[in-house]
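Quick note on labels: first sequence line is chain A, next is B, and so on, each numbered from 1.
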Amino acid sequence: MAGGEDLKLLGTRQSMFTQRVVWALKLKGIEYEFIEEDLVNKSSLLLTLNPVHKKVPVLVHGGKPIIESKIILEYIDETWKERPILPQHPHDRAYARFWAAFIDDKLMEASKKAFALTGDDQVKAIESTVEALQLLEKELHVKKNFGGDEEIGYLDIVAGWIAYWFQFIEEVGGFKVMESAKFPCLDSWTKSFLQVPTITQNLPPPDELRFVFGAIRTATCPK
Amino acid sequence: MSEEVKVLGNWGSCFSRRVELALKIKGVEYEYIEEDVYGNKSPLLLKYNPVHKKVPVLLHNGKPIAESLVIIEYIEETWKGTPILPEDPYEKAMARFWTKFVDEKCLPALWRAVWSPENEREKAVEEACKCLETLQSALNGKRFFGGDTVGLVDIAANFIGFWLRIIQEATGHGDLLSAEKFPTLFKWTDEFVSCSVVKQSLPPRDKLLAFFKARVAEANASK
């Protein structure tokens with residue numbers, strides 16, 4: 001099997017970014033060693049491999065570190081050619097990269113603010129979150145997956161946090177925007193995404209996420 | 001097959017000029033359409049970039065691609081010839097990493113430092129200088145970030161290569177990028193602007209300086 005002894009992944013089970021890399025490796029059937037990191041007491045290994053950002057995930061291939069989940073996904077696709085996750089045509093690849101950036105920049109920023117803020121600031125952030133979700137809803141129209149394929153791909157993997165982590169962001173953050181009536185395409189995509197065996201078998205338990213998000217909210221919420 | 005390549009851009013935008021530089025490196029002929037980004041956005045821009053309503057937008061045979069870095073990856077994959085990215089997947093991942101660092105950390109920190117009020121300036125400058133120092137380390141004795149020739153990271157850092165020194169002249173503050181503080185990065189800016197293909201893709205110096213002097217005057221008048 002591909003990968004093997006010289007492939008390691010530093011991450012945490014609860015991290016949506018780490019799980020992206022896990023899903024990609026497992027979809028391609030690549031063997032690797034998973035190293036669970038303690039993000040409160042960061043290991044010297046993590047600090048050596050990612051001195052600039054000191055974050056997970058870090059993929060280490062033949063001793064060389066690759067950082068930033070979307071960059072790691074592209075690296076994995078270029079290195080192991082079986083079961084491609086990015087589309088072949090440059091225009092489709094541009095589409096995937098554009099929307100991946102949108103999900104991680106616009107939607108994530110708005111969701112983070114909706115999660116951490118209160119009062120009018122939270123209301124504004126919730127509005128921005130809804131606007132971003134509406135744009136994604138439009139893109140999913142008549143498609144089973146974001147990539148337009150039968151099988152999940154890069155953009156579905158990047159969007160994966162919406163299918164699972166988002167509900168806990170809402171729950172702990174004290175807001176609710178994702179309703180099946182308002183976002184029928186996202187709802188349908190979520191259901192089919194969560195039925196993919198590689199995905200369901202690689203999700204952190206709800207209580208772990210509630211705990212982690214609860215701790216983050218306590219630490220970051222304005223008093 | 002006759003190709004139709006158009007760029008919707010703005011003369012002073014470093015993001016827009018990134019795309020023009022990438023096209024010139026590849027020797028691709030294109031039609032340039034100037035957008036007034038400060039006034040009313042044209043129907044063309046709103047049609048081809050409805051999500052962000054920003055320049056640059058590349059139109060290839062009528063199909064739009066937005067976001068400068070997504071566009072550059074598209075250009076690399078569509079037109080062969082002088083490569084913008086390394087071929088090796090690890091080197092490619094490193095180039096993408098540094099590009100992301102420029103875009104998400106360096107540029108916002110520099111922008112904040114340039115426009116920050118006096119009482120916040122010291123801290124903003126310190127943060128921006130930390131970014132520049134980290135970026136400088138990526139040069140690692142090379143002439144360009146891309147090695148012997150201009151590559152993705154050089155293109156992404158065009159703001160630092162050209163705009164920043166002009167802005168420093170306009171504001172009268174030289175405490176961000178100087179030969180004393182960052183000798184190798186400073187030298188890189190000279191190499192960058194001397195490169196003939198880069199020269200062709202830069203805005204006129206005097207016009208840019210006048211533009212920023214006017215912005216500085218506006219900012220001071222509103223105090």
Side-chain angles (χ1 to χ4, degrees), chain A residues 6-7 21 49-55 57-81 86-109 131-139 154-155, chain B residues 5 19 22 26 48-54 56-80 85-106 108 130-138 152-153:
Chain A
D6 69 348
L7 190 64
V21 180
L49 294 171
N50 188 0
V52 175
H53 298 304
K54 309 176 177 56
K55 285 180 173 177
V58 181
L59 186 74
V60 192
H61 188 203
K64 292 179 179 178
I66 301 115
I67 305 150
E68 302 278 331
S69 63
K70 295 198 292 291
I71 295 175
I72 296 172
L73 291 178
E74 297 232 25
Y75 176 84
I76 289 170
D77 216 35
E78 285 156 13
T79 306
W80 293 280
K81 304 287 187 188
L86 271 142
Q88 292 306 304
H89 194 278
H91 197 267
D92 298 327
R93 291 163 77 86
Y95 176 89
R97 287 171 180 144
F98 175 88
W99 284 105
F102 179 84
I103 286 167
D104 273 4
D105 298 342
K106 286 274 186 293
L107 178 63
M108 191 160 303
E109 198 193 308
E131 274 167 31
L133 288 171
Q134 282 167 343
L135 284 166
L136 288 172
E137 176 76 12
K138 245 176 88 173
E139 287 308 306
Y154 168 86
L155 192 48
Chain B
V5 183
V19 170
K26 293 283 187 187
Y48 288 123
N49 190 1
V51 174
H52 298 299
K53 307 175 178 55
K54 285 181 174 176
V57 179
L58 182 78
L59 283 166
H60 187 202
N61 296 327
K63 286 184 168 181
I65 298 129
E67 295 290 293
S68 64
L69 298 178
V70 174
I71 296 170
I72 295 170
E73 295 252 14
Y74 176 83
I75 290 169
E76 172 74 341
E77 287 166 359
T78 303
W79 289 282
K80 303 305 164 193
L85 273 152
E87 215 183 295
D88 173 67
Y90 177 73
E91 296 302 328
K92 207 182 271 199
M94 286 310 297
R96 286 175 175 145
F97 170 80
W98 285 113
T99 296
K100 199 163 190 246
F101 181 77
V102 166
D103 238 29
E104 293 182 4
K105 296 276 185 251
C106 291
K130 273 197 205 135
C131 288
L132 290 177
E133 193 177 340
T134 304
L135 183 64
Q136 185 174 245
S137 73
L152 179 68
V153 184

Query raised in the report: Can you name the nearest heavy-atom pair linking Pro89(B) to Tyr75(A), along with the distance?
Result: O-CD1, 3.4 Å
Query raised in the report: Can you tell which of Glu74(A), Lys106(A), Arg93(A), His91(A) has the highest number of heavy-atom pairs within less than 4.5 Å of chain B?
Result: His91(A)
Requested in this report: Can you measure from CG (Asp103(B)) to CG (Asp105(A)) and round to the nearest 0.5 angstrom?
Outcome: 9.0 Å
Query raised in the report: Under a 4.5 Å heavy-atom cut-off, does chain B meet the side chain of Pro65(A), its backbone, both or neither?
Result: both
Report summary line: For residues 66-76 of chain B against chain A, heavy atoms under 4.5 Å, the residues are Ala66(B), Glu67(B), Val70(B), Glu73(B), Tyr74(B)
Report summary line: Of all heavy-atom pairs linking Ile71(A) and Lys100(B), the shortest is CD1-CD, 4.1 Å
Report task. Verify side chain to side chain contact (heavy atoms under 4.5 Å, CB included) between Ile65(B) and Tyr95(A), making sure each step is shown before the conclusion. Result -> CA-CA 8 Å; Ile65(B) 298 129; Tyr95(A) 176 89; over 6 Å; no
Query raised in the report: For Tyr48(B), which residues count as a ring-ring contact (aromatic ring centres under 6.0 Å, His included) partner, sequence neighbours excluded?
Result: none
Report task. Report, as yes or no, whether the 6.0 Å neighbourhood of atom NZ on Lys92(B) holds more than 12 heavy atoms from other residues, nucleotides or ligands. Result -> yes
Report task. Under the salt bridge (Lys or Arg N to Asp or Glu O under 4.0 Å) rule, what do Glu104(B) and Lys70(A) come out as? Steps first, then yes or no, please. Result -> CA-CA 14 Å; Glu104(B) 293 182 4; Lys70(A) 295 198 292 291; 5.8 Å; no
Query - Aromatic ring pairing His53(A)/Phe97(B), orientation class (parallel under 30°, perpendicular over 60°, tilted between) - result: perpendicular
Query raised in the report: Can a salt bridge be assigned to the pair Glu68(A) and Lys105(B) using a cut-off of 4.0 Å between side-chain N and carboxylate O?
Result: no
Report summary line: All heavy atoms of Tyr90(B) vs all of Ile66(A), minimum pair found to be CD1-CG1, 3.8 Å
